[in-house]
Amino acid sequence: MNLELSHLSRRFTDFAALKDVSLTVAPGEFIALLGPSGSGKTTLLRILAGLDYPDSGSVLRDGEDFLAIHTRERRVGLVFQHYALFRHLTVTENIAFGLRVRPWRSRPARAEVRERVERLLKRVQLEGLGGRYPAQLSGGQCQRVALARALAVEPDLLLLDEPFGALDAQVRVTLRRWLRELHEELKLTTLFVTHDQEEALELADRIVVMNNGRIEQVGSPEIIYQQPATPFVCEFIGKANRLTLRRDGNHFSAAEWTLPGDPWGGRHAQAVAYVRPEHLSLAVPASQPVPASQPAWTARLRHIYLAGSVAHLELHVAAFDQTLEADVASEDLARLDLQPGSLLRVAPRSAVVFPLDDHSGDAVAGDRWAWHDSERKEPGRLRSCR
């Protein structure tokens with residue numbers, strides 16, 4: 001099933017929920033719609049489910065006008081964040097509901113419905129629980145029932161609206177990996193709305209990053225994280241240190257650290273660089289001196305925040321009075337003798353750089369520069385803790 005969304009727009013009074021959104025979904029693809037509240041994710045899902053309609057634009061399924069098809073005939077399964085199970089119906093009755101309310105001409109026989117429900121209970125690992133009511137189940141079990149109910153109608157398209165948002169962290173991890181396995185087993189085409197970046201990066205074949213009703217970037221999880229296309233994606237996906245750079249002759253710099261060259265040919269006086277915490281190289285002068293000619297900052301280690309296998313370091317750079325975050329393996333803390341108050345030498349190994357408009361001061365998203373320290377010609381390199 002090929003799905004082609006073209007120039008979709010939707011406005012609610014004075015609020016534009018979608019602005020000229022276009023997207024192509026390939027058969028069997030798992031796509032995550034990721035963005036802050038109000039970015040248009042759920043509105044897009046509701047349009048595909050037949051619960052809302054765009055003011056303009058089109059949706060084609062294999063060349064056919066998808067929006068002209070009645071909701072009951074779209075073969076869409078929808079799973080909500082808060083389950084929306086019928087409390088007065090058993091698990092079996094909830095799963096069978098979509099089949100039993102079909103017009104009698106297309107309604108499966110009772111034996112077939114019963115067989116399909118039993119098969120789904122086994123698939124979602126709820127065997128033996130068909131006679132229970134939703135109040136007798138855990139949150140994770142309720143979510144599996146909701147997913148089984150969506151799968152019962154044998155959908156061509158599965159739509160998930162933050163299905164794990166109401167669950168605790170450990171259950172979420174278990175269910176989302178199980179969902180990915182189920183997706184691959186059934187060869188479903190799936191659109192998954194989430195606020196959780198980790199969920200999107202772990203589950204999706206492609207991520208659609210949305211902001212203010214528009215698509216900021218579409219790409220694989222690796223591309224979205226490693227090669228963000230706009231300043232918004234840099235700041236929204238993962239963590240990033242934001243550095244203001246000023247042009248000095250034919251290069252940009254932030255205090256002692258410089259970026260070689262000027263890809264914009266002198267058109268901009270300032271730029272902004274985004275550096276992931278894991279892309280900051282660190283060296284402890286006492287244990288491994290760094291040549292004074294090596295472009296880097298001197299930073300003081302303020303705090304160490306342990307998060308399992310990773311330690312987040314809060315570093316203060318006096319040269320431009322800014323706090324940076326660097327990530328190192330927790331096991332490296334003792335080896336490097338890192339303590340609050342330690343002095344280190346710090347420099348980026350890679351960065352995504354955007355020029356700043358000389359008039360508005362805003363980043364110019366269309367002039368992105370992906371820089372890596374392999375482009376630097378000076379000998380020597382800071383020692384990385386990663």
Side-chain angles (χ1 to χ4, degrees), residues 30 41-43 45-52 69-183 185-194 196 199 203:
F30 196 122
K41 308 182 301 298
T42 296
T43 299
L45 216 66
R46 287 173 55 84
I47 288 173
L48 295 177
L51 303 178
D52 198 1
I69 302 174
H70 193 281
T71 302
R72 290 182 301 183
E73 300 172 358
R74 291 189 183 185
R75 297 183 65 86
V76 168
L78 179 60
V79 180
F80 299 96
Q81 176 179 350
H82 296 290
Y83 324 136
L85 299 179
F86 298 107
R87 295 183 177 276
H88 65 289
L89 300 181
T90 64
V91 168
T92 294
E93 292 167 339
N94 265 284
I95 295 173
F97 182 80
L99 299 171
R100 290 176 173 165
V101 297
R102 283 181 175 178
W104 69 270
R105 292 182 181 275
S106 59
R107 188 184 308 157
R110 289 186 178 181
E112 183 181 346
V113 171
R114 188 163 50 250
E115 180 184 348
R116 192 180 300 185
V117 169
E118 289 300 321
R119 190 166 60 247
L120 283 168
L121 283 171
K122 183 178 181 179
R123 190 179 296 277
V124 299
Q125 302 169 12
L126 291 176
E127 291 176 281
L129 301 182
R132 293 191 182 183
Y133 290 87
Q136 299 172 308
L137 302 177
S138 68
Q141 290 172 332
C142 284
Q143 196 58 276
R144 293 188 188 199
V145 174
L147 185 57
R149 182 177 60 185
L151 295 174
V153 297
E154 298 180 334
D156 293 330
L157 179 64
L158 181 62
L159 306 177
L160 307 169
D161 190 3
E162 299 190 59
F164 307 139
L167 304 177
D168 64 70
Q170 190 59 46
V171 174
R172 288 177 72 143
V173 171
T174 302
L175 278 185
R176 72 190 185 207
R177 292 180 180 175
W178 168 80
L179 174 62
R180 179 70 211 195
E181 293 173 1
L182 187 67
H183 166 85
E185 179 185 346
L186 299 180
K187 296 179 172 57
L188 295 167
T189 300
T190 304
L191 267 70
F192 179 88
V193 165
T194 181
D196 191 313
E199 276 184 356
L203 284 174

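Residue numbers count from 1 along this sequence.
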Kindly compute the distance separating [atom1] ([X]) from [atom2] ([Y]), expressed to the nearest 0.5 Å.
{"X": "Arg114", "Y": "Leu99", "atom1": "CZ", "atom2": "CG", "result": "13.0 Å"}
{"X": "Arg180", "Y": "Thr190", "atom1": "CZ", "atom2": "OG1", "result": "8.5 Å"}
{"X": "Gln141", "Y": "Gln136", "atom1": "CD", "atom2": "CD", "result": "10.5 Å"}
{"X": "Arg75", "Y": "Leu158", "atom1": "CZ", "atom2": "CG", "result": "13.0 Å"}
{"X": "Thr90", "Y": "Ile95", "atom1": "OG1", "atom2": "CD1", "result": "8.5 Å"}
{"X": "Leu120", "Y": "Leu126", "atom1": "CG", "atom2": "CG", "result": "10.5 Å"}

### Task
For Thr42, check side chain to side chain donor-acceptor pair (under 3.5 Å) against everything at least two apart and list the hits.
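Side chain to side chain donor-acceptor pair (under 3.5 Å) list for Thr42, sorted by chain: Asp161.
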
Would you check if [X] and [Y] make a side-chain contact, meaning some heavy-atom pair closer than 4.5 Å?
{"X": "Thr92", "Y": "Leu121", "result": "yes"}
{"X": "Thr194", "Y": "Leu203", "result": "no"}
{"X": "Arg123", "Y": "Leu182", "result": "yes"}
{"X": "Leu160", "Y": "Leu179", "result": "yes"}
{"X": "Asp156", "Y": "Thr189", "result": "no"}

### Message
For Glu181, is there an ion pair with Arg177 - N to carboxylate O distance below 4.0 angstrom?
### Response
no

Would you name the heavy atoms of [X] and [Y] that are closest together and state the gap between them?
{"X": "Arg100", "Y": "Arg107", "value": "O-NE, 3.4 Å"}
{"X": "Leu188", "Y": "Pro155", "value": "CD2-O, 4.1 Å"}
{"X": "Pro134", "Y": "Leu85", "value": "CG-CB, 4.0 Å"}
{"X": "Val76", "Y": "Ala49", "value": "CG1-CA, 4.3 Å"}
{"X": "Gln125", "Y": "Arg144", "value": "OE1-NH1, 2.9 Å"}
{"X": "Leu89", "Y": "Tyr133", "value": "O-CD2, 3.5 Å"}

### Atom CZ of Arg72: over 12 foreign heavy atoms under 6.0 Å
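No, because the 6.0 Å sphere around CZ of Arg72 holds 12 heavy atoms or fewer from other groups.
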
#### Entry: More than 12 heavy atoms from other groups under 6.0 Å of CZ on Arg119
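Yes.
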
### Task
Apply the test salt bridge (charged side-chain N to carboxylate O under 4.0 Å, His left out) to residues Glu112 and Arg116: give CA-CA distance (whole Å), side-chain angles for both, the deciding distance (0.1 Å), then the verdict.
CA-CA 6 Å; Glu112 183 181 346; Arg116 192 180 300 185; 3.1 Å; yes

### Message
Test side chain to side chain contact (heavy atoms under 4.5 Å, CB included) on Leu157 and Leu191; report intermediate values, then the result.
### Response
CA-CA 8 Å; Leu157 179 64; Leu191 267 70; 4.0 Å; yes

#### Entry: Donor-acceptor pair, side chain of Arg102 and main chain of Pro108, under 3.5 angstrom
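The answer is no, because no donor-acceptor pair under 3.5 Å joins these two groups.
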
### Main-chain N/O of Val91 paired to Arg132 side chain as donor or acceptor, under 3.5 Å
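No.
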
### Task
Assign the ring pair Phe86 / Phe97 to parallel, tilted or perpendicular, where the plane angle (0 to 90°) is split at 30° and 60°.
tilted

